[in-house]
Every structure is written in structure tokens, then in C-alpha cells.
Amino acid sequence: MKKYDHIKIEKKWQREWAKKKVYRTEDNSKKQKFYILDMFPYPSGEGLHVGHPKGYIATDIVSRMKRMQGLNVLHPMGFDAFGLPAENYAIETKTNPAIAVAKNVVRYKKQLEIIGFDYDWSREINTTDPKYYKWTQWIFLKLFERGLAYESFEPINWCPSCKTGLANEDVEDGKCERCGTSVEKRPMRQWVLKITDYADRLLRDLNVLDWPESIKESQRNWIGRSEGTEINFTIKDKTEKLKVFTTRPDTLFGVTYMVVAPEHKFVTELLEHRENLKNHDEVAKYVTHACMETEIERTNAKKEKTGVKLEGIFAINPANKEKVPVFVADYVLADYGTGAVMAVPAHDERDFVFAKKYKLPIKQVIEPVYTQTTEPGKIIPNFPFEHRNAIIAIVKHWKDDKYMALKWKKVAWGTFITGGVEGNQTPEEAAKMEIKEETGFLHPKLISNFGRIHSKFYHVPKKVNRFAHSHTLYFKLENDAREKVTETENEIHEVKWLTIDELKTFLTEDSHQHALRILADVSDAYVDEGILVNSGAFSGKDSQEVKKVITKSVGGKWVVKYKLKDWVFSRQRYWGEPFPIFHNSDKIIPVSEKDLPVVLPKVKSYEPTGTGESPLASIPKWVNVKVGVGKNAKMLKRETNTMPQWAGSSWYYLRYMDPKNSKALVDPLKEKYWNEVDFYVGGAEHATRHLIYARFWHKFLYDIGIVSTLEPFKKLQSVGLIMGEDGKKMSKRFGNIVNPDLIVKTYGADTLRLYEMFMGPFDQAIAWNTNGMIGSRRFLERVWKLRQKVHEKGTISKETEILLHKTIKKVTEDISSIHHNTAVSSMMILSNVFEKENTISKTHFEIFLKLLAPFAPHITEELWCDLGNKKSIHISGWPLADESKIAERSVTIVVQVNGKVRASFTAVRGTSKEGLEKTALDLPDVKKWIGDKKPKRIIVISDKLVSIVVA
RNA sequence: GCGCGGGUGGUGAAAUGGCAGACACACUAGCCUUAGGAGCUAGCGCCGCAAGGCAUGGAGGUUCAAGUCCUCUCCCGCGCACCA
């Protein structure tokens, strides 16, 4: 037999498939459709490394199986090529980026082709093709028509190195995602898309998506919805008001000062006239400094908080008419909420830190409520609470720095002294009585009142959910006078004298720990929900329940805010889609649809100007256009910004449905047929950019009737990176790049494909290991040799046939759930068993080849053809597992004695439990372990195991 | 700090609550070959001569039975982070 010559075989079949158009996708098919998509690549000058095809191989396998199962599969490929990498390359080499992109695309296609993908290349798209970006511009026009694209002059993130504005999503840790330079805030004219209008739908519809939870969670975080209240504070002796946003209107009575962001209009306007502020210069200096800081410096949470008081300015708390000072401080963000906050230091950590530093009053308005969530005393849900007035007494020793604590004897509790308040006792009387009863001490003296601490728990002896409201009182013993304690009290608990440090580990109840923090003077802001105090008519109410009531009482408005910001959509660079927009002095005039596309002109220099203008501005012939005829003709100026890299990829999946249509973005009938992407595979790094932008545009296109689905990608799967052999990210910088061309040449595309799938779980990052790949090659060699055992009238054993059917089932299920690694290993097991057979029947071997075909399309096609088949294996039918064969007649029964496996035996499937038990007890190995002891219990699981328990 | 994933041999990893380590790499021994990154046979978690015991980051728990379920805890990766 011939040697397995992968080079010859792979070349031969790739040509043959292309010639016979084996993978051409039909639009007018009666078959059920399946749309499977890879995130298309950005063709850089460096070419693909072995990590790039991992996702493509996985989708290729799924699409091949689906095709064999008789579905009409759309599995397209294209190129995303606008943006900075191509432009920077152009600047370096002084070539037109269009030329470099064309060259890179050719290279990428060649690299992809030798791996043997089943793409229908007749549907290839390229985002830089005017025939494509015509429709990107068209979508922009529609957004503009609906008021979702607008010009703004707000300060935005600016990368001084890339010399362009950036979207919020392009900034990571205050640095430009592309080049790592710290971004600055810079006010400039820019185009912005109103993605915030879709925030609520983008958030809500995540729930129906079959996506990895981590990516959905990232998007939820990014959108950052929160509900709260907007409240106006009037300014003393002035007409203007200060509007704040808060999620905690229930703490309104605890406001002791206000804070506004340095960029806030309120501050800017005050600074316009010296006489407005007694400390004008100080404030001006602070504001200037704060605005100059970079995003990193500003947003570092660990940075010490700074601020300056606006001397002479006071705000009036609408709830209690109290007069509070106003500060300007950079811990308040200008672009979230209203850029101003009401500070409640007692119940907000940041305000607390600031108040401590500037010695501002801290006023408690929420009493803590602790809920027991662990046993013993875990509350029973949906069960009413019995309220009880109570005390917690902290008693200091008469001379030592020690405090009295109770160690409970019947439960694992450590507490201060506790008790109920009976009848018309005052809390102080009740506490003194408890001290005497429980400990015998006679002369406690009240030092201070720590207020109430509430706790919810299940009272085990009384069988009720209890809600205890404990007045927490601090006493000091005047002397050691003590009387005897009754026996009953002594049986319940033991008195201990402990230091503060010892109490930290001794006290088991959260409410007592809270009291201890007050005692030790280390309490910080209590930020959880609780019961209102010092809040006028609202005192005693539940904080959760009064939020809307308080809002209403001060004329506030219940609102929803998002962290998500509108999408800064213009770049001051050359290599992007031009905007279909004209300017006429102040007026904005959209280019009419029939004049699309606005083609990107050639320029002499691609260098960014850094002035906030793109290089396009330097081509007067392109910028100045005469529009209209006769006396209606006007000279207009074109918009010279370009769109960001993310524009083209925000809708490309739709174009594959109808890539050549010059009349419409996508033909409505084709859109209805192909519908949504059934399965989308790509890197998790796109979680908060491409995957949010595309969802946004898709929802917009739904609203204007272009698409018929609410979401673009039904099921999403993320690919785990392939790292270099050194475990570091594969990159030119580390010199650890493995070139797939070389692997394909030396080992073959089929080996590469098989290995990348066999490496490990698909979504997990993993290091490349060329050594480990040998195993996949050997497997294919063995499959090749198996051909010699195949005869028309060959036979395989019953067991092997059973295994074959189990393998069909396993491979089918594993491909569907992207467990390609275990699919490969199950085929390896089958081939190992085949090797032990003398002959293999043709039909059985063909089934095996079909299972392997999606993974190793070339070698299987060659063997399939060699067996005399005329049509391609890839359009043959997918095998079905015969369930009746999978159910083996004999099963192995495991016997456990006291939970340890001691023996096993073979039984006929379906043997009665009694029969299994009897056989098991008769086994010598079992008898040995039971000895003369009597089995206490015997558990029998049919067709599986017998578990014997002996004393 | 909050949220989402993970911790299993020398390595990559398998395992509907039912024989932990399938499958593969590496390694060891032997065979076959004019030596090669080839093939075949056997071995390969740890301790132990063995019988057997111990092992899925750590500590408890539920169960006849736990890598798998529950509680606490440590470590690693990712996302968000002064968002009021």
C-alpha cells in the first residue's frame, strides 16, 4: 500500500472540491438552514499563526456535520480591514493601505485554503470594499435620520499617540487599547451614536441568548444599569438648583454636605465671577489641576480623596431644610448621573473617607439589620416575623480593659449580655436587670448608648422567625460587688472577661460584631439596608420600602441610569469609512442615498494631523463639493472624520446572506430564510465591543424593518487562546509564533485540525506543543493502514460493532456541544479496537470515515474514494447510531463493601436485583471482606452495582 | 471590593452521584530494523516486597457511595471598578 502522503492528498482534494463547488451554498433551498459564523479576521501584515484557525476549525467541523446531516449550511468568510493597524503599516511603508490590505487578504486566503475549510468563497466580503461600505454608510444615514447619530462637542478620550478620539470601549485602565498610551480628555467636535437609547433592550434581551454566562455578565457590567432618584437641592440665596442622582434616597436625612465634579457647570459658572466665592483662587486652582489629570490618575480608587469647599455656598436639604456645605472634589465623576452627589458619610464608604479627612459631621440615619443566613438560626423564608424589643449590654470590667461576654453551653454562641425589654421598662432598666440575673454584678453604670441594632433569626426553641430590635448600651462596673447566680442561669452560659481582640473571634453574631466595632471605635460606613432613624416622619420605617416615598415627598424623580455611554463614532484618521455628511456653515446636510458610497479618496500622506482634523481635510478637491444644479447649486464641505474600525463588523453577518446585492443591504426574502446566526464562534475579548455594537445595530435595523430578528447571534461560543510553547501569548514580541503553513507542510492540514481540537476543552486557553501533535499524526497513519484490513465481505466482532455505534452517538453529541476533544479521543479508541480485528467490513469502515470526515476532510475523502465511492464523502449522509445495538447484553457489576470496590462480575442486562445480590454475596473476594459479620444493608442498582454495608 | 470561570499524574486532559486518571504526549524496559522525529510488545498517580493503604488545592458536612452535591477557606485566570 502507498504511504500516507498528506501533501499530495490535500492538494488534490482541495482542487477537486473547488472545481466541483462541493461547498457552494444555495439561497433557494427547501432544506432547513444552518448559519454558522466565525468572527472574521483582520488581515495584518504578519499572517496567521496556529492560534487563529482554532475557532475556524471548530466551526468547520460543525458545519461539515450539519451539511452531512442534510441541512443547508451557510459558513462564510471575509475580511475586516479598516482601522489603525493597516493605516500604521501604510504610514511606515508609505504605501496606500488599500494595496497593503489587498496583499494581506491574498496571503490570509492562501493560509486558510491549505487548512481545507469548507467556506463558500463566492460570498467573501471585505469591509473596505466601496460596494460593502456603501451599506455601512447607508446604516449611518438611517441612524442620522432617526436622531441616533449626532454631533457633540463634549470632552472625549483622546489618544495622543494615535492622534484620534476613542470610544469609551477603546480605553482599558485609562490607556488606549491599541497602543497603551494614557488617554487624555479633550473637547472636540465628534459624531456620536446614541447607543444609550438601546441600553435597556441590550440588557434585557441578554436573558434569551444562549451565550457563555461570563460574556453576558461582562455586558451587564458594561451597561451598568442602576435605579435611583434625582433630587434638586436649592442653593441658599441663589436661584439655581443642584440636581443629584442617588440610589439611596432613603438616606436623605443623613446628608451632611454636597459634592460636585470639577467639570460641573455649577462650578464653571461660579468661577466666572470672583465675588461668587470667598476662596475663588483656591477653587480655580483645584479645578484646573483636576481637569489636567489623566484618566488613570483620576479614576484610581486607591488615590487619597481631595476636594475644596466652595466657601459661602450652601445647599438646602429638601427633606429637613438643613443647610449643608458644598465641595468640589474629583472623586465625583462628571459624566455619570448628574455630576453632583449628596454626601451621606454614615452610609457611603467614599463619603465616609472624605468626611473623616475633612472633619465633616457623620450623621447616622440607618440602623443596621443583620439577617442570619446560616445554621443554627437560619431564617425560614416566607414566614412571618415576631418582633421583640431587646437589649444588648456591653459591660466593662471595674479595673481591667476587659469586657463581659457569655459563652453559651447548649449552642455554639458567643455573645454580649442580651435580653428582652418587658412591659414599661426602659432599656436601661432592662439591661441592668439582665446583668444582675445572668452574671450577679450589682453596680453597672451607663456610659453611653450605641443606638439600636436589629437582627433577624430563627429562634430554635420557640420555633419562630424573630426580629429583635436591640438597644445597645455600654456600661462600666463601678466595683466587683456580686451576688450568686441561680443554677438555671449557670446551666445556660458561662461568664468570660475578654479583651477587644479576643472578642473579635469570640462573638458569633453579626449584630454583636457591629456593636464591638462601635466599642472599639473602628466603625465605618454602614452601607446596607436597615431601619430609618433621625429621619423625621420616616423614622422606624424599612429603608428599602421608603425609597420611592421619600423621593415623592421632596419632589424627586425615580430614574434609571447606565454606565454605558454614547458611542463616540468618529476618528481623526484616514483609513476608515467616510461619513455621508456635508456641512454648510452650521448646518448638517446628509448625502442623499443615491450618491452612496462616498468613496475614500487617495491622499498623499496618511499621517494623522493631531489637530482634530483627519488627513482628508487636506484634499480641498474632495472636501469642497458643488451640490445641486443651476441657482440651487451650493458649495458644501464634506465631513472629514472617518468611522471607527468597529463600524464594518457591526453588521457584516447580514451581508453574507446576500453579498452581491447592489440594491439593498440584504434582500428581505434571503434575510427571512437565513434569519439569525445559529452559531457564532470567536474570542471573548470582543465581549464589550463588537458584540455590543453588533447587537445595537441589529436592534436598530430591526426597528427600521431591515431584519426580522431581535438578536443577531443566537448561540455564542468563545474560543480559548492558543499560547506559545513558552506559555506566553503568541506574538512577534516574544518570538514564539508557530506558523500553520509549516505545520501543514510537515504534518498535514488534517493533523493540524485534529490536534487543535484534541488539545483540550475548546473554550480554554492552552499552550501549543508541537511534540504533542505527533499523537494526532500517528492516529491518522493508523487509520491509513486500517484500509488494508477493509474488505467488501470483512467482518468485525459484535463488541466492535457495539463500540462503533456508541462512537457514532458520542461523536454526534460531542460535535453538537463543541466537545471536539472527546469526540477525537472516542474515535482513537475505536481505531485502536479496529486494529485488533483481522478484517473490517467496508460498510463499517465507511461509517468510521464519515465520523472522522469533518475533522480530517482530506484523508477521509481519499480513503472514501479508494473504496470506490464516486461522490464526495462530505455530501454523503451522516451515520445514525442504532440504539438497540448500543444496549449491550452483558454488563459489568461492581461490588462495594463499606463503600470500597472489592470485586466485579459480569451479568446479563436486566438481571433482577435479588439475583445480583445473591451472585455478589457468593463471590470469594466479597466473602473475604464480609467475614463472619452480617450485612446491615445492601443497595443494588440494576445493571450497575451492589453495595454492601457491614457493621 | 463586586461579578464570572477554574484548581485532578511528569504534561495536555477524561469521568449522567456508582471501578478516578479514558484518550494522548513524555518517560522506562524489551523486540524488530544498515540508527529514524519509524513500527511492535509491556510498564507508567503516590507509599509498600506484598496483602493492602493513600490520593481530584485545604477543612468540615450530606450519602451505602463525592472530583461531582452543601458550608467555610486558600490559590490562579478573566471582566468591571470612586458609577453615588
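Worth knowing before you read on, the calculation uses all heavy atoms, side chains too, and leaves out hydrogens, waters and symmetry mates. So that the names make sense, note that chain A is the first sequence line, chain B the second, and so on, each numbered from 1.
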Walk me through whether A/Met730 and A/Val50 qualify under side chain to side chain contact (heavy atoms under 4.5 Å, CB included). CA-CA 9 Å; A/Met730 228 179 245; A/Val50 289; 3.6 Å; yes

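Within residues 556-567 of chain A, the residues approached by RNA chain B to less than 4.0 Å at the level of any non-hydrogen atom are A/Lys563, in residue-number order. Contacts with RNA chain B (heavy atom under 4.0 Å) in residues 821-831 of chain A: A/Asn821, A/Thr822, A/Ser825, A/Met828, A/Ile829, listed by number.
Taking 4.0 angstrom as the limit, A/Tyr331 places none of its side-chain polar atoms (N or O) nearer than this to OP1 or OP2 of B/rA84.
Applying the side chain to side chain contact (heavy atoms under 4.5 Å, CB included) test to A/Lys918 and every residue at least two apart in sequence or in another chain returns A/Asp922. Remark: A/Tyr4 engages A/Trp784 in a ring-ring contact (aromatic ring centres under 6.0 Å, His included) (not counting sequence neighbours).
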Sub-3.5 Å pairs of nitrogen or oxygen atoms, protein against nucleotides 2-10 of chain B:
unit_1 : atom_1 : unit_2   : atom_2 : d
B/rG3  : O2'    : A/Glu217 : OE2    : 3.1

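The CD-P distance, from A/Glu685 to B/rG79, rounds to 10 Å in whole Å.
Pairing for B/rU33 is absent, with no Watson-Crick or G-U wobble pair whose two atom distances lie under 3.5 Å. Shown here, B/rA84 forms no base pair; nothing in the strands shown gives a Watson-Crick or G-U wobble contact with both key distances under 3.5 Å. In this entry B/rC4 has B/rG77 as its Watson-Crick or G-U wobble partner, both defining distances falling under 3.5 Å.
Distance check: A/Gln219 CD to A/Leu206 CG gives 5.0 Å after rounding to the nearest 0.5 Å.
Among the heavy atoms of the strands lying under 4.0 Å from A/Val901 are primed sugar atoms or P, OP1, OP2 only; no base atom is included.
Along RNA chain B, the nucleotide nearest to A/Gly899 and the one nearest to A/Trp222 differ in position, and the one closer to the 5' end is contacted by A/Gly899.
Annotation: A/Tyr257 is in aromatic contact with A/Phe354 [ring centroid separation under 6.0 Å].
Looking at A/Lys305, its side chain comes within 3.5 Å of the base of B/rC82 through a donor and an acceptor atom.
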Could you run down nucleotides 25-56 of chain B 5' to 3' and tag each one B, S or - for protein heavy-atom contact under 4.0 Å? SS----------BSS------------SSS--

